[in-house]
Amino acid sequence: MNKLQELFKNKKEDILSIYFTAGYPELNTSGDIIKNLEKSGVDFIEVGMPFSDPMADGPTIQETSEVALKNGMNLDVYFNELKAITGEVDIPLIAMGYVNQMIRFGTDKFLTLCKESGISGLILPDLPLNVYEKDFRAKFEEYNMVNVFLITPQTSEDRIKEIDEASNAFIYMVSSASTTGSKSNIADSQLEYFQRMKDMELNNPLVIGFGISNNDTYTKACKYASGAIIGSAFVKAIKNGVTEKVVSDFINMVKG
Amino acid sequence: MSYEVDKDGFYGDFGGAFVPELLYPNVKELEDNYIQILESDEFQDEYKSLLKDYVGRPSPLYLAKRLSAKYGGTIYLKREDLNHTGAHKVNNTVGQILLAQKLGKKRIIAETGAGQHGVATATVCALMDLECIVYMGEVDIERQAPNVARMKMLGAEVRPAKSGSKTLKDATNEAIRDWINNPDDTYYLIGSVVGPHPYPDLVARLQAVISEEMKKQLKEKTGNENPDKIIACVGGGSNAAGAFYHYMDNDDVELIAVEAAGLGVDTDKTAATTTLGTAGIIHGSKTLLMQDEYGQITEPHSISAGLDYPGIGPMHAHLFKTGRGTFLNATDREALMAAQELTLLEGIIPALESSHALAALKKIEIKENDTIVINLSGRGDKDLETYRKYLKY
Ligand SMILES: Cc1ncc(COP(=O)(O)O)c(C=O)c1O
């Protein structure tokens, strides 16, 4: 069992996860962001690997990716920033990016460095279930790496069951049909979908993301799922620099 | 060796559907339905009738005598430039709009580079009374202004793509994001043999009419349906796919694909994917693309907006890897010279994209009794500003 799986074994509700893009707003900030998030009581963190063509991302994360790449972020720098703090933090980390980055870098090299950097899970939105099963599952398991799948309001019940079967930590439940950061509140139609998912009583816990930004949306998400993930709202908050206060103010605002 | 797509959507090592779960239902709907619809009598009747009476097919196969005299051999031009809207792109949009209608979609989105696919999409949307939104890179909006005006006059909304290189790759990203945000009523009408399966196969089937006609026309004119060589330019690769389609399994016919070298393959201002590319995933397809060692996709360059793309369709990656296709490239300058030459020799102003195919005549060995078909994918009206600027008119 890795760190991420342990977290979900021990904690069943009000799980809070934060996404940030490595290299934004500046290089050498990943360590501070992670340490401050851990101190503020966040449960796990997604560390974004900025990509040139992030097709599942809205304008906010596109912009952070562009800035990060201009700053000189790449996978070597990414892993070095994370390796520098492995002795100081204990919070589960997930690497989030696009499948081309992993393949081009070399899947084995990528997974080795993930492991050495304290990463226990991957979210690669454009890695489809059938390709994962066929080409990657065995390899990920060899490295004890959890793969996290997404579901959306459009995902059929049969497919959700397949995804539940293939998942081994949690399922990332996308709150609406959208790219990241598109909506700022939660509509009634979304609550129906949340309820429908809750009623399916899946084996894996659900964590809701995309469009979670504040105390209201976080609280609503936690009523139906084990927790929530915040990305765009957080990267906006650290736009002008990462300090302990900026991070703890943001997390306190969300937790209420 | 098969050059057709397999049941998982792959051409050898290339293809597939690497899409976020958000797009899975959309792509699956298309995959489950496209062959059945395309092969139905109803679709075939409507498609063929529109191609004939609306597009103006069959497009002529023209014997270019003065061009032949200059280069040797017998050179034919497949006149896709004479189609309604001025390029091969309309063959595909006529087919896909019928497919979209049969799937009950109300809102059509598309990406465009040169604006030819955007215009061809806006045209069929006007014809079918469907809402049309075209994503186009800011740089391309500037360099293909006449096509932007045409799309607007046809009732389409043109939305600028402002990220990255602000060209075709970025317009495609924006179209994909739009589709993610509008999964129920929207049909993504892709303009080349790129994107997730089944798009490469769907678009190739709709462009296959080019080589279907070519066979008949060559037989009539020469008594032999096989040419020795077929030359086509490759951006994503749809006009080449159409020109090669019915000759794929016939090894007697050499298939020559010409990519845009931009300022040269030894510079970083180029779009010569097979020369500089490596395997990876772009726009939901595993194929060859230009990227750095970390998998970041490189910003391409070509004077021709329609070839300014860092990847090629998976079918072409397979033709390249297996050696079935011969892949050449032409620089901006070579393409401009070829455009000028065809215009003076034959009185035909070609599109800048097609000019890359023409430029290949200087790069291949031509025997006296060779029959060569060049797929003249489009006309040059849209490129007049560029021709004026560089050829000084
Ligand atoms: C005239 C013409 N030829 C060729 C192309 C390149 O596309 P493809 O490689 O899909 O044929 C374009 C694209 O805009 C075009 O307008």
Side-chain angles (χ1 to χ4, degrees), chain A residues 49-59 62-63 65-66 68-69 73-78 97-106 110 123-132 134-135 148-156 159-160 163 171-174 176-180 182-183 210, chain B residues 7-10 13 15-29 161-165 169-186 195-197 277-287 289-299 310-311:
Chain A
M49 306 179 283
F51 182 51
S52 55
D53 295 75
M55 67 170 153
D57 286 301
Q62 283 174 47
E63 204 181 298
S65 304
E66 233 175 290
L69 290 172
M73 179 49 68
N74 62 39
L75 283 179
D76 285 323
V77 177
Y78 177 94
Y98 289 80
V99 67
N100 193 51
Q101 296 174 280
M102 173 176 76
I103 293 175
R104 175 67 175 146
F105 195 66
F110 179 83
I123 304 178
L124 305 165
D126 58 342
L127 176 60
L129 178 60
N130 62 337
V131 178
Y132 167 72
K134 191 163 144 277
D135 298 337
V148 179
F149 292 97
L150 275 59
I151 59 170
T152 85
Q154 273 70 31
T155 313
S156 71
R159 182 138 174 110
I160 291 171
I163 287 172
I171 295 174
Y172 193 136
M173 181 174 155
V174 176
S176 69
S178 75
T179 44
T180 52
S182 295
K183 303 211 168 65
F210 287 37
Chain B
K7 66 172 185 9
D8 296 324
F10 279 83
D13 294 340
F18 293 80
V19 294
E21 193 59 33
L22 298 136
L23 285 180
Y24 178 80
N26 309 33
V27 171
K28 181 93 172 100
E29 180 186 26
K162 300 178 181 189
S163 58
S165 51
K169 149 176 108 67
D170 312 285
T172 308
N173 289 333
E174 285 307 322
I176 291 173
R177 290 182 188 119
D178 181 310
W179 209 20
I180 288 175
N181 282 285
N182 300 283
D184 291 327
D185 62 338
T186 297
H197 175 68
T278 45
I281 291 158
I282 182 169
H283 299 139
S285 178
K286 187 168 182 204
T287 187
L289 61 129
M290 301 197 308
Q291 56 180 334
D292 72 11
E293 63 193 295
Y294 300 105
Q296 306 294 344
I297 297 172
T298 311
E299 297 184 1

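Within every chain, numbering begins at 1; the chains are lettered A, B, ... in the order of the sequence lines, protein sequences first and strands thereafter.
Contacts between B/Thr298 and chain A at a heavy-atom distance below 4.5 Å are absent for every atom of the residue. Heavy atoms of B/Glu174 lying under 4.5 Å from chain A belong exclusively to its side chain. In this structure, chain B has no heavy atom under 4.5 Å from any part of A/Leu124. Only the side chain of B/Tyr24 comes within contact range of chain A, with at least one heavy atom under 4.5 Å from a heavy atom of that chain. For A/Gln154, the parts sitting under 4.5 Å from any heavy atom of chain B are the backbone and the side chain alike. Using a 4.5 Å cut-off between heavy atoms, A/Glu66 contacts chain B through its side chain alone, with no backbone atom that close. Neither the backbone nor the side chain of A/Leu129 comes within contact range of chain B, judged by heavy atoms closer than 4.5 Å. If you measure heavy-atom distances from A/Pro54 to chain B, the contacts under 4.5 Å come from both the backbone and the side chain.
Your options are B/Leu289, B/Ile176, B/Thr278, and the one with the most heavy-atom pairs under 4.5 Å with chain A is B/Thr278. The candidate with the highest count of non-hydrogen atom pairs below 4.5 Å against chain B, out of A/Met55, A/Glu63, A/Met102, A/Met49, is A/Met55. By number of non-hydrogen pairs under 4.5 angstrom with chain B, the leading residue of A/Leu127, A/Asp126, A/Val131, A/Ile151 is A/Asp126. Looking only at heavy-atom pairs under 4.5 Å with chain B, the residue among A/Asp53, A/Leu150, A/Leu69, A/Asp57 that has the most is A/Asp53. For the set B/Ile281, B/Asn182, B/Asp170, the entry with the most heavy-atom pairs within less than 4.5 Å of chain A is B/Ile281.
By the side chain to side chain contact (heavy atoms under 4.5 Å, CB included) test, A/Asp76 is found to be paired with A/Asn74, A/Phe105, B/Tyr294, residues two or more places apart in sequence or in another chain being considered. With sequence neighbours left out, the side chain to side chain contact (heavy atoms under 4.5 Å, CB included) criterion links B/Asp8 to B/Asp6, B/Phe10.
Under a 3.5 Å cut-off, the side chain of A/Thr152 and the backbone N or O of B/Leu22 do not form any donor-acceptor pair. Proximity of a side-chain donor or acceptor of B/Gln296 to a complementary backbone N or O of A/Ser52 within less than 3.5 Å is detected. In this structure a side-chain-to-backbone donor-acceptor pair under 3.5 Å is present from A/Gln101 to A/Pro50.
Ring geometry for A/Phe51 against A/Tyr98 counts as parallel: the plane angle stays under 30°, on a 0 to 90° scale with 60° as the upper cut.
For the pair A/Val99/A/Tyr132, no side-chain contact is recorded, criterion being any heavy-atom separation below 4.5 Å from C-beta on.
Annotation: the span from B/His283 atom NE2 to B/Thr172 atom OG1 amounts to 4.5 Å, rounded to 0.5 Å.
Each of B/Asn173, B/Asp292, B/Ile282 was evaluated against B/Ile297; a single residue qualifies, B/Ile282, per the side-chain contact (heavy atoms from CB on, under 4.5 Å) test.
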